[in-house]
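Because the structure is a prediction, the values reported are computed rather than measured. Below, read A as the first sequence line, B as the second, and so on, with proteins coming before strands; counting in each chain starts at 1. FYI, side chains are in, hydrogens and waters are out, and symmetry mates aren't considered; it's all heavy atoms of this structure.
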Amino acid sequence: MSVRVRFAPSPTGYLHIGGARTALFNWLYARRTGGKFVLRIEDTDTARNTQEAMDAIIGGLHWLGLDWDEGPVTGDATGASRGDRGPYFQSQRKADYEQRVEALLFRDLAYEHEGAIKFRMTREPVKIPDLICGDVVRELTDREAEDPDFVIVRSDGQPVFHLVNVVDDLDMGITHVIRGEDHLSNTSKHIALFNAFGVEPPKFAHIPLILTQDGKKMSKRFEGSSIQYYQENGYAPEAVTNYISLLGWTHPEQKDVFLAKEIAEIFDLPQIHRANAKFDHDKLKWLNFEHIKSMGDDRYYELSTHALSDSGVDTKSHPIDYVKAALDTVREKIKTFTEVPNFSAFYFHDVSEYDEKAMGKSFIPENVEPIEKLKSALQSLSSFDPLAIESVLKSTASELGMKPGKLIHPTRLACTGSTVGPSLYHLMEVLGREKVIARLSAAQERMKKE
RNA sequence: GACCCUAUCGUCUAGUGGUUAGGACACCGCCCUUUCACGGCGGGAACCGGGGUUCGAAUCCCCGUAGGGUCGCCA
C-alpha cells in the first residue's frame, strides 16, 4: 500500500514554524517513500478562521517549496483543488460527517447529550503504537475517569476536531499521521474512533515540539514563530527548511548544510529524536549565510534585487551587468538579504548622506589636497581595476607621507557614505572611474565646509 | 489534580554495555586584513540526582527531580 500523508492546518493564525516543520516532515516522508502529500484545511471552527490566515498558510508552504499532491490550489474553500479524495476543506465535507455520526448513533456508539452528540469512549487503557515514541499506553486521567465520553458534534450541529480529523484521515486513505507531540495524548480518542468505524488506524508518528530559547512554548506573539517573519527578514527558504529539519533529525553523515530535496532521499521516521528542541536563531542565521554562499548566481541576484526593491532601491534603471557586479561584491558579506541594501544601496543612487561620526574624522579641510592628488592619480590610471586602484591609493598616500588608512577611510566614506561595505578597491572598480571621481569631488566640498 | 512524552557542552545533536564522550552553532584567544565581514589555527564547555543490574554503564531497570504536552461544545 502506498504512503499517503497529510498536513492539516487550521486557518486560525499564521503558518507557525512548528507547523512548517510538521509539513516538512510529512513532505519528506511522502517524497522519500514515493507516496502522496495531501494538504487538508481544518476549518470547522468558522468563528476563528480567516482568509488572511488561509493565504499565509498556502503562501508559506509555497515559499518553503513544500508542494502538495492533493489539496486546494488556492485559499478559497469553494475554489479549485487537485486530487480525487476531496473536498479538502472540512467546511465542505459536512455531509460525510453527518453520515458517519448517523452510523455511530445507530449502533449506539454515540448518543445525544443536551443537544450535542457524545462518543462512547472506551474505559480501557489504549495502546498507541508510535513510530517515534514506541508503544505508548494511555490511561484515563482522573477527569476522564468521571466521564470519558467526549463531544463529537456541537449543539449547533458543527462537528468537532476529533471526529472530523479521524473521518477525513479515513476517507482520504491516510496511512501515516505525522503531527506534533501535542496530539499524542489525544490519539487514544482517535484510535477509539477508528475502531468504532471498524477500520484499522493509520500509523502514528508524533514529533517533538519546538520551544523558545528559554524553553517556553512558542506563542503567536513570539517573534519568529511565524514563517512570515523569515520571509520578511531576508531568509532563504532553503535555509529555513534546512534548519527546522535539524530540530529533531540528524543527517546520517552528520552534515549540517543541505537542501530539503537531498534529505528527501534518505529521510525516515524512526530516526527522529524524541525530546523537544529549543529554537536557536544564531544557527539559522549561519545556515542562511551558508546557503547564500552556495546558491546559484541567478537565485542570489533574484533574492538580492527583491530585497533592494523592498527597501526602495531601484536597480531596474541600471545595466544588468552593473547590478550583478555590484551584488557580487556583497555576497559573502551578508547573513540575511535584508542586509543587502545596507551594503550595496550606494551603487544605485548618489551618496548625499554620510556617517556622522566618520565625517568628523575624515571630512576635514586637511584632506582636500590629498583627495585632489588621488583624483589625478586615478585619472591617469590606464586600467581601472582593483589591483591598480589599490596600488595608486597606497603610493599616493606614501608620496604624501601619510598612512594608507588616512586616505582609504575618507575615500570609502566618499564613495559609499559609510564606514562599512564591500572591499574598497572592488567597489571602486564596479562604481567606475567617473562616479568615483564625482563622489570624491562632492566629498571635497564637504571637507571645505567643516 | 490525573495522564503522557522527554532528559549528553549555553543551543542543536552523535553515541545503543568497554570512546581521551565526537561534530556543528555560539563564545574566548591568536593569525590574516589598514572598512565590516569571511577564512585559518587553538581553547574552555556536557552525560540532572539517587539506587540497582553487570567484571564494566551516558547507554538497561526503578525512584526522585526538572522541562514539555494533554485532560474543551479550540484545533
Side-chain angles (χ1 to χ4, degrees), chain A residues 8-13 19 42-45 47-49 90 113-118 125 128 130 132-134 136-148 150-162 164-165 179-189 206 208-209 211 213-217 243 246-257 273-287 289-290 293 330-335 339 342-343 355 358 390 393-394 397 403-409 411-413 416 418-424 427:
Chain A
S10 151
T12 55
E42 308 220 327
D43 56 347
T44 50
D45 189 351
R48 293 171 59 198
N49 299 325
Q90 290 181 334
H113 178 78
E114 292 177 13
I117 295 170
K118 294 180 83 172
I128 304 167
D130 191 282
I132 294 168
C133 300
V136 174
V137 177
R138 166 69 154 81
E139 306 209 15
L140 259 30
T141 67
D142 54 358
R143 286 186 187 181
E144 289 167 336
E146 285 173 29
D147 177 17
F150 57 93
V151 171
I152 53 176
V153 180
R154 299 182 180 97
S155 43
D156 66 1
Q158 286 287 328
V160 169
F161 165 74
H162 298 300
V164 295
N165 189 269
R179 65 196 350 177
E181 198 199 85
D182 48 339
H183 287 293
L184 183 56
S185 290
N186 287 149
T187 305
S188 54
K189 293 188 176 73
H206 288 92
L209 273 19
L211 273 25
Q213 282 94 332
D214 40 359
K216 298 295 173 209
K217 189 177 182 178
Y243 179 68
L246 244 20
L247 264 21
W249 183 84
T250 312
H251 189 104
E253 292 165 32
Q254 289 271 92
K255 279 167 67 177
D256 287 293
V257 187
H273 198 250
R274 288 153 67 163
N276 293 342
K278 290 174 188 156
F279 194 86
D280 180 10
H281 211 110
D282 285 334
K283 185 145 186 179
L284 202 211
K285 214 164 190 180
W286 171 76
L287 278 171
F289 171 71
E290 292 295 319
K293 279 198 292 189
V330 311
R331 180 149 172 169
E332 296 201 356
K333 303 229 155 227
I334 55 164
K335 286 202 160 65
E339 294 173 42
N342 301 137
F343 278 90
D355 182 274
E390 177 173 4
L393 223 21
K394 288 182 174 169
K403 286 183 178 175
K406 289 284 179 194
L407 195 55
I408 286 170
H409 294 309
T411 304
R412 169 179 293 282
L413 190 62
T416 71
S418 170
T419 57
V420 302
S423 156
L424 179 62
L427 130 207

What's the [atom1]-[atom2] distance between [X] and [N], to the nearest Å?
| X | N | atom1 | atom2 | value |
| --- | --- | --- | --- | --- |
| A:Lys255 | B:A14 | NZ | P | 17 Å |
| A:Leu246 | B:A14 | CG | P | 10 Å |
| A:Glu332 | B:U35 | CD | P | 17 Å |

Interatomic distance at [atom1], [N] relative to [M], whole Å:
| N | M | atom1 | result |
| --- | --- | --- | --- |
| B:C38 | B:C31 | C1' | 14 Å |
| B:G51 | B:U59 | P | 14 Å |
| B:C61 | B:A7 | P | 11 Å |
| B:C36 | B:U20 | C1' | 40 Å |
| B:C73 | B:U65 | P | 32 Å |
| B:G64 | B:G1 | P | 14 Å |
| B:U16 | B:A2 | P | 38 Å |
| B:G10 | B:C48 | C1' | 16 Å |

Using side chain to side chain contact (heavy atoms under 4.5 Å, CB included) as the criterion, list what pairs up with A:Gln213, not counting sequence neighbours.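 Per chain and number, A:Gln213 pairs via side chain to side chain contact (heavy atoms under 4.5 Å, CB included) with A:Phe222, A:His281.
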
OP1, OP2 of B:A14 versus side-chain N and O of A:His273: anything below 4.0 Å?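 For B:A14, OP1 or OP2 has a side-chain N or O of A:His273 closer than 4.0 Å.
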
Check the chi torsion on B:C63 and let me know: syn if it falls within 90° of 0, anti if not.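 What B:C63 shows is an anti base, its glycosidic angle lying more than 90° from 0.
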
Using the closest heavy atom to pick a nucleotide of RNA chain B for each, name whichever of A:Val137 or A:Lys394 lands nearer the 5' end.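 Whichever sits nearer the 5' end wins; that is A:Val137.
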
Is it the case that the side chain of [X] and the backbone of [Y] share a donor-acceptor pair, with hydrogens and angles ignored and the cut-off at 3.5 Å?
| X | Y | value |
| --- | --- | --- |
| A:Asp182 | A:Leu209 | no |
| A:Arg412 | A:Ser418 | no |
| A:Asn276 | A:Pro208 | no |

Provide the Watson-Crick or G-U wobble partner of B:U59, both distances under 3.5 Å; none if there is no partner.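 Checking every strand shown, B:U59 finds no partner, since no pair has both distances under 3.5 Å.
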
Pair A:Arg179, A:Thr187: side-chain N/O donor-acceptor within cut-off below 3.5 Å: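 A pair is found: one side chain offers a donor N or O, the other an acceptor, under 3.5 Å apart.
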
Please name all residues satisfying ring-ring contact (aromatic ring centres under 6.0 Å, His included) with A:Phe289, sequence neighbours left out, ordered by chain then number.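 Applying ring-ring contact (aromatic ring centres under 6.0 Å, His included) to A:Phe289 gives none.
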
Check: A:Asn49 and A:Thr12 side chains under 4.5 Å, non-hydrogen atoms: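 The answer is yes; the side chains approach within 4.5 Å.
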
In the 5'-to-3' direction, what one-character label does each nucleotide of nucleotides 19-25 of chain B receive under the scheme B = base within less than 4.0 Å of a protein heavy atom, S = sugar-phosphate only, - = no such atom? ---B-BB

For nucleotides 65-75 of chain B, read 5' to 3', which letter fits each nucleotide if B means a protein heavy atom sits under 4.0 Å from the base, S means only the sugar-phosphate is that close, and - means neither? ---SBSB-BBB

Which atom pairs link the protein and nucleotides 41-45 of chain B when you take only N or O atoms and keep those under 3.5 Å?
none

Which pairs of donor and acceptor atoms, one on a side chain in residues 139-148 of chain A, lie under 3.5 Å apart (sequence neighbours left out)?
| residue | atom | partner | partner atom | Å |
| --- | --- | --- | --- | --- |
| A:Thr141 | OG1 | A:Glu144 | N | 3.2 |
| A:Thr141 | OG1 | A:Glu144 | OE1 | 3.3 |
| A:Glu144 | OE1 | A:Arg138 | NH1 | 2.9 |
| A:Glu144 | OE1 | A:Thr141 | N | 2.8 |
| A:Glu144 | OE2 | A:Arg138 | NH2 | 3.1 |
| A:Asp147 | OD1 | A:Asp149 | N | 3.2 |
| A:Asp147 | OD2 | A:Lys118 | NZ | 2.7 |

Under 4.0 Å between any heavy atoms, over every strand shown, what does A:Thr419 touch: base, sugar-phosphate, or nothing? Just pick one.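 Touches a base.
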
Regarding A:Lys406, tell me which of base, sugar-phosphate or nothing describes its non-hydrogen contacts under 4.0 Å with the strands shown.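 It contacts nothing in the nucleic acid.
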
Atom of [X], atom of [Y] and distance for their closest heavy-atom approach:
| X | Y | answer |
| --- | --- | --- |
| A:Pro422 | A:Leu427 | O-CD1, 3.5 Å |
| A:Leu184 | A:Ile128 | O-CD1, 3.6 Å |
| A:Ser155 | A:Glu114 | CB-O, 4.0 Å |

What nucleotide among B:A37, B:U13, B:C4 has an atom nearest to a side-chain atom of A:Lys333?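 So the side chain of A:Lys333 is nearest to B:A37.
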
Approximate separation, where rounding is to 0.5 Å, of A:Phe343 CZ and A:Arg331 CZ: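 It is 15.5 Å, given to the nearest 0.5 Å.
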
